[in-house]
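Scroll down for the structure; my scribbles are underneath it.
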Number of protein chains: 2
Amino acid sequence: MTEEAFPYTRRFLQGRSRDALSDREKGLLEGLVDKVERFTAPHTILNRGDVVDQSTILIEGTVARVIHEDGKRHIVALHVPGDFVDLHGFALKRLDHDVVSIGSVQIGFAPHDRIQKILETEPTLARMLWYSTLLDAAMHREWIMKLERLSADGRLAHLVAELWQRLDFVDLAGENGFSLPLTQQELADACGTTSIHMNRVVKKLRETGVVDISRGQVTVLDKTLLKELGAFDPAYLYGRGPLKLT
Amino acid sequence: MTEEAFPYTRRFLQGRSRDALSDREKGLLEGLVDKVERFTAPHTILNRGDVVDQSTILIEGTVARVIHEDGKRHIVALHVPGDFVDLHGFALKRLDHDVVSIGSVQIGFAPHDRIQKILETEPTLARMLWYSTLLDAAMHREWIMKLERLSADGRLAHLVAELWQRLDFVDLAGENGFSLPLTQQELADACGTTSIHMNRVVKKLRETGVVDISRGQVTVLDKTLLKELGAFDPAYLYGRGPLKLT
DNA sequence: CTCGGCCACTAACATAGGTTAACTTCCAAG
DNA sequence: CTTGGAAGTTAACCTATGTTAGTGGCCGAG
């Protein structure tokens, strides 16, 4: 059975294949997905405060977790294909943030009662699902560190480095870049700065030969500079060793 | 059987008693703790990169999760009694941050093999443990929001409000304040600023009648101002309604 | 085609916060 | 009591970043 047999969860498995799963287990995981939807325009998929009875897995595209506060958008996490976006909703029930699509996305929905069943009968899968939410928390911690420590240039560099690495884990990173449908405003929302200042920073990184971000495409010009500027050490992603960012 | 019968996990249960547990389950949880240690001086209990085979629960005092990066300390989380500090170590195995004691602390250790056994046989407890790590992640997200959005005054106000609320959940908050053994340098490390600037901020909040932080004691002078300045909405703590901060 | 709106981009100015360098207060060790 | 170090405090100066106000380009709707 090839991996293509699991269209919804293939990248999830790629991204965190710490324990090898049997085909039976892979099938159970795939079976969590109940229905699939596509959103082509920016769309708020879930709202803060929503009581949820299903969780969402990102199959294709980009989604952000957003906290709105007096008119401002704050991106607290970004997701790449294969990520379980709100698995935490299973246990917390009520969401503490919005989930919004960026660009065109495809999303799978996993009803909580199916997840419940797996938790009760499949310890390996249960552990993998838990593990997945813990990875999220580890990324949150790194973002906290990055926000506490780095200035705007460093934050952007860190964000780019992290996304490149995470996309590489799921075979979606190019040799020297990746496509990223975020506007400068959204980059600013993720780095805790303003779009005006983000524009200055994007320009600076382009001119200093670190990275070029334009027309939805990220082109890494100098890996070493990027890593240094972003103080990026991929250990927190718990992956199988960095690939693109040697 | 009174709650005092569970000296190690009593506050853990207070803090997140979402599902009522039977005394049998409470006993199993209490039985996770293998040995207890006290540290009176500041002490690094666990180091980043450590491979762990036990997790730690905070029984008394304060501990911080810290990421050191070129000489600087970054506090990414603070813990109050009852918190499972590194439950995530159970699944991740390798720590992505240090765990350090602040002031005098008492800590319990729970070997991973005991946790493993509970996960396999006790779905309610398993879910509660998972829930506990998800709460951590929700707090991380709020910190990210706070760092992205608020200036130093607001960050400090938010930190104070959060800690007051969390201490209140475990009956350790006073009527108009709480004791907090953090130095201004450590407050700065948690708010992503410098100790010099933190000093300015502490002074300002004292003079504007918001909160007085001195000699290890926090005295809230005006709840409403504190909440506003820190943009604090306790929903993300998933508690049973705010008490001190109406 | 052309209009309206979003996005990228720029300039001029204001301010929060970083840096360096002091001095003071407190307290514990001797 | 004396000493030394850590914590708190302040001042002067400088830079990163926020704010306000605008420009021009692109693109989809009509």
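In what follows, every chain begins at residue 1, and chains take the letters A, B, ... in the order their sequences are listed.
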A/T194 side-chain N/O to A/H197 backbone N/O, donor-acceptor pair under 3.5 Å: yes

Protein-nucleotide distance (B/L187, atom CG; D/dA6, atom C1'), rounded to Å: 16 Å

Atom-to-atom span, CG of B/D189 to P of D/dA7 - whole angstrom: 11 Å

Over-ring placement of B/K227 relative to B/F232, 6.0 Å and 45° cut-offs: no

Between [X] and [Y] (salt bridge meaning N to carboxylate O under 4.0 Å), is one present in this structure?
X	Y	answer
B/R94	B/D50	no
B/D86	B/R65	no
B/K204	B/D153	yes
B/E142	B/K146	no

Summary of protein contacts for nucleotides 22-30 of chain D, nucleotide by nucleotide, where a base hit scores B, a sugar-phosphate-only hit scores S (4.0 Å, heavy atoms): ---------

Contact letters for nucleotides 8-23 of chain C, in which S counts primed atoms plus P, OP1 and OP2 and B counts the base, heavy atoms under 4.0 Å: SBBBB----BBBB---

Beyond-backbone contact of B/H74 with B/H68, side-chain heavy atoms, under 4.5 angstrom: no

Atom of B/C191, atom of A/E148 and distance for their closest heavy-atom approach: N-OE2, 4.4 Å

